[in-house]
Structure formats: structure tokens, C-alpha cells
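Residues: numbered from 1 along the sequence shown.
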Amino acid sequence: VLERRDPVPVAHALEDITVDLTVYDVSGEKYPEERAYDILDREQEAPLPLFDAPLFRVSLVSLSEHRWFVVLVFHPLIADRAAVRGFIAT
């Protein structure tokens with residue numbers, strides 16, 4: 001997270017953070033996958049404030065009882081596309 005300091009902000013890691021988990025249930029929708037992708041687009045476009053922890057967001061989207069999407073959105077300050085791909089691969 002960034003801390004406001006003059007003349008420039010300073011980045012530092014926090015030892016403890018609280019992560020909100022948003023759960024969307026689209027299982028009752030006529031086209032649940034289409035609705036899930038709409039949610040994914042909205043989550044990716046929503047800003048992540050630099051001065052508020054955490055610099056990432058986690059959501060779950062239920063398409064059916066046994067089918068879920070995990071949505072991870074990272075601020076580019078903590079993970080670029082290559083880092084996210086590596087995270088998913090492991």
C-alpha cells in the first residue's frame with residue numbers, strides 16, 4: 001500500500017490485512033456464463049485506490065452448485081500480467 005509522505009508517496013507491505021470476498025450467484029440466470037463475464041468486466045474496470053489496502057480484489061461467481069469462477073483483480077503496482085499468469089499456473 002502507498003503511504004502519503006511529502007514529497008513522494010512511499011510503498012510498504014502490511015503484515016495483516018482484511019480482504020473482502022464478494023460472492024455473486026448467477027446460477028438462476030438464463031445465461032449464467034454471459035452474466036459471469038459481465039461481472040468479470042465490471043470487477044476489472046473498478047478502480048483499486050492506491051492509498052487503501054489491499055491492492056487486490058477477490059470475488060467468487062457461482063454459475064451452478066458445482067461450477068464457480070474465481071475473480072482476482074490486482075493493481076499493476078503489485079502484479080503485472082506475467083506475474084498473474086505465473087500465480088495461476090502454480
Side-chain angles (χ1 to χ4, degrees):
V1 71
L2 288 181
E3 184 178 323
R4 295 177 196 267
R5 290 194 188 165
D6 289 328
V8 293
V10 175
H12 61 93
L14 301 174
E15 290 187 28
D16 294 312
I17 59 170
T18 299
V19 178
D20 293 328
L21 176 65
T22 304
V23 180
Y24 299 95
D25 184 356
V26 297
S27 60
E29 301 280 335
K30 185 173 182 178
Y31 301 105
E33 280 193 27
E34 185 175 308
R35 180 71 177 110
Y37 283 109
D38 289 343
I39 291 168
L40 174 63
D41 289 341
R42 188 173 70 234
E43 288 289 324
Q44 288 178 328
E45 292 172 5
L48 286 163
L50 283 176
F51 296 99
D52 298 326
L55 294 177
F56 64 92
R57 188 170 36 249
V58 181
S59 302
L60 295 174
V61 182
S62 172
L63 285 84
S64 68
E65 183 179 354
H66 301 289
R67 192 158 175 232
W68 293 77
F69 280 175
V70 177
V71 180
L72 302 169
V73 178
F74 297 94
H75 193 285
L77 236 145
I78 63 167
D80 63 6
R81 189 176 300 256
V84 172
R85 285 186 181 143
F87 175 77
I88 292 170
T90 55

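- Under the side chain to side chain contact (heavy atoms under 4.5 Å, CB included) criterion, Val70 pairs with Leu60, Leu72, not counting sequence neighbours.
- Glu34 contributes atom CD, which lies 9.5 Å from atom CD of Glu29 (distance to the nearest 0.5 angstrom).
- Sorted by first then second residue, the salt bridge (Lys or Arg N to Asp or Glu O under 4.0 Å) pairs that include residues 9-25, not counting sequence neighbours, number zero.
- Within the structure, side-chain hydrogen bond (donor to acceptor under 3.5 Å, both in side chains) pairs that include any residue of residues 66-82 comprise Glu33-Arg67 (at least two apart or interchain).
- With a 4.5 Å cut-off between side-chain heavy atoms of Ile, Leu, Val, Met, Phe, Trp and Tyr, the cluster of Leu48 takes in Tyr24, Val26, Tyr37, Ile39, Leu40, Val61, Leu63, Phe69, Val71, Val73.
- With sequence neighbours excluded, the residues satisfying salt bridge (Lys or Arg N to Asp or Glu O under 4.0 Å) with Arg57 are Glu43.
- Considering Ile17, Thr18, Leu14 in turn, Ile17 is the only one that fulfils the side-chain contact (heavy atoms from CB on, under 4.5 Å) rule with Pro54.
- Between Phe56 and Phe74, the ring-plane angle classifies as tilted under the 30° and 60° cut-offs.
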